[in-house]
Amino acid sequence: MSTSDPSKLISKADKLTKLSLTRWSADWKSATVLYEQAANGFRVARNYEKAKLAFEKASQGQEMLSSPWDAAKHMESAAALAKELRNWAEVIDFYRKASELYMQCDRPQPASDALAKGARALEDALPDDAIQLYTDACVILEDDGKEQMAFDLYRAATSVYVKLEKYTDAAAFLLRLGLAADKCNARNSQCKAYLSAIIVYLYAHDLKQAEKCYNDCSQIDAFLGSDQNRCASKLLSAYTEGDVEEIKRVAQSSAISNLDNVIIKLARKLPTGDVSAFKTDAANEEEPLDENDLT
Amino acid sequence: MTVIDLITRVDAICKKYEKYDIDKHKEANVTGDDAFARLYGVVESEIDAALQKSEAAATEKSRATAVAMNAEIRRTKARLLEELPKLQRLALKKVKGLSREELEARNDLVYSLKDRIEAIPDGSTAAAKQSGGVSGGWAASSSYTGIKIDSSSEEAFESEYFQQTEESDRFRQEYEMRRMKQDQGLEVIAEGLDTLKNMAHDMNEEIDRQMPLMDEIDEKVDRAASDLKSTNVRLKDTVNQLRSSRNFCIDIILLCIILGIAAYLYNVLK
């Protein structure tokens with residue numbers, strides 16, 4: 001049966017499901033079986049368009065048979081084929097549908113996995129949609145209380161933001177990662193996330209933001225006593241002194257080399273722009289303080 | 001000629017040529033009112049003694065005796081340096097019978113005396129340089145800016161106390177090389193430890209992440225196992241029922257009857 005022509009199978013299955021005078025109720029069971037076989041046949045024959053269609057119909061059939069798990073699985077296969085065809089709108093659509101079906105089965109983990117797969121497929125073509133998918137996936141996991149699985153998703157989303165050069169958003173995401181890490185007591189990841197956020201702010205040449213971020217993070221005990229804290233303070237003091245050599249030296253240190261690859265690349269490119277501008281700012285700030293002390 | 005005659009004759013000749021006797025003149029000078037010249041003479045003789053002792057210490061084989069002699073020399077030097085200010089004051093005082101040039105010359109004499117005293121080798125300069133280098137080195141390793149302190153103190157040593165024996169020089173160089181190598185090795189170790197620490201932390205988090213998953217798996221497998229057990233029991237019951245001895249005997253009897261009928265039919269038809 002599986003060796004017969006897939007298109008014949010499809011037409012047969014279609015006939016089974018189409019309601020007409022002779023047929024008063026669609027026979028989804030056998031139709032679904034035929035659809036699945038047809039889809040596999042098309043996939044082997046590398047006829048992606050038809051295979052995608054067949055998977056869609058198979059998924060619909062499974063839904064009718066009220067087995068959302070199989071339906072979701074078929075949806076995912078359809079989405080993977082859509083990715084091959086570079087039909088991005090359909091990719092988004094299918095992965096979202098698959099994720100909803102997984103949620104119906106009460107399985108949030110495969111749901112977020114489906115969204116993550118969609119996001120990864122879209123990273124190059126539609127980065128904004130990719131970020132949306134990543135965010136949704138993270139939300140699903142956080143609702144379920146499984147923040148630890150979300151770390152990888154946060155990191156991937158951050159790298160997409162950095163590629164888009166949206167540094168404030170990237171830093172915000174890193175802080176969210178830090179928050180998630182805090183909830184599950186993953187101190188090392190938390191400190192690394194904060195250090196990465198500070199580096200992203202410095203790369204955007206925004207010393208004020210970076211310092212504010214550093215002050216905020218210093219409120220947290222776990223960060224205060226960590227290696228990453230010392231590295232961050234060294235980096236910020238090198239910036240305020242305008243010492244380019246020191247900045248380069250700190251960027252080579254081991255605390256930074258343990259971070260994500262994307263962040264390491266940013267750190268090696270520091271300092272961006274004119275560091276001596278910060279030095280004069282710092283000097284100007286000190287004078288008004290002195291006058292206040294005298295009075 | 002008897003000995004007494006010889007001695008008398010020598011005395012007579014010495015008296016005749018007394019004015020050519022420098023040492024006596026010096027003593028005569030010293031025993032005069034000139035306090036400066038007296039003190040100067042004393043200091044000079046002590047310097048000579050100290051120099052002789054230092055030469056003996058340099059050639060001394062036993063370390064303990066050498067150290068003791070060096071200590072003695074150092075004490076003498078310290079005492080002489082204390083007396084120098086007194087000498088200086090005396091040098092400025094005017095003494096009758098002395099020309100003005102000689103007065104100024106006395107000041108210079110005092111200064112040169114100071115240099116001569118300090119130049120006496122006492123085996124402590126090499127050690128001082130080493131200890132200075134070591135303490136400077138410790139300061140350097142604690143912070144990056146400390147390296148500057150170390151180099152300045154070294155320069156001071158080399159300009160003022162340029163008294164290095166070849167041995168101390170070599171020793172110092174070897175010490176520096178070894179210290180550098182140790183620093184390099186320690187840096188490599190530190191980097192490796194940092195990497196290890198990071199990896200260990202990551203492993204810790206990963207295991208924490210997988211713990212609840214393992215718990216879930218455990219639970220699910222337990223449920224599946226109990227399901228299987230109950231199914232097995234039911235299956236055993238069913239099969240037993242099917243293969244109960246009563247049914248089995250009835251099956252065999254019926255089989256024999258059928259075989260009997262078949263044999264009878266076979267016989268009849270043959």
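Residue numbering restarts at 1 for every chain, and letters A, B, ... go by the order of the sequence lines.
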[X], [atom1]: over 12 other non-hydrogen atoms inside 6.0 angstrom:
| X | atom1 | value |
| --- | --- | --- |
| A/Lys163 | NZ | yes |
| B/Lys114 | NZ | no |
| B/Glu206 | CD | yes |
| A/Lys265 | NZ | no |

Table please: side-chain donor-acceptor pairs of residues 186-199 of chain A below 3.5 Å, with sequence neighbours left out.
residue	atom	partner	partner atom	Å
A/Ser189	OG	B/Glu205	OE1	2.3
A/Ser189	OG	B/Glu205	OE2	3.2
A/Gln190	NE2	A/Asp182	OD1	3.3
A/Lys192	NZ	B/Asn198	OD1	3.1
A/Lys192	NZ	B/Asp202	OD1	3.3
A/Ser196	OG	A/Lys192	O	2.6

### Message
For a 4.5 angstrom cut-off between non-hydrogen side-chain atoms, does A/Asp227 reach B/Lys197?
### Response
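Contact flag for A/Asp227/B/Lys197 side chains = yes.
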Item to check | For chain A, which residues of residues 208-219 of chain B have heavy atoms nearer than 4.5 angstrom | outcome: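 Contacts with chain A: B/Asp208, B/Arg209, B/Leu213, B/Glu216.
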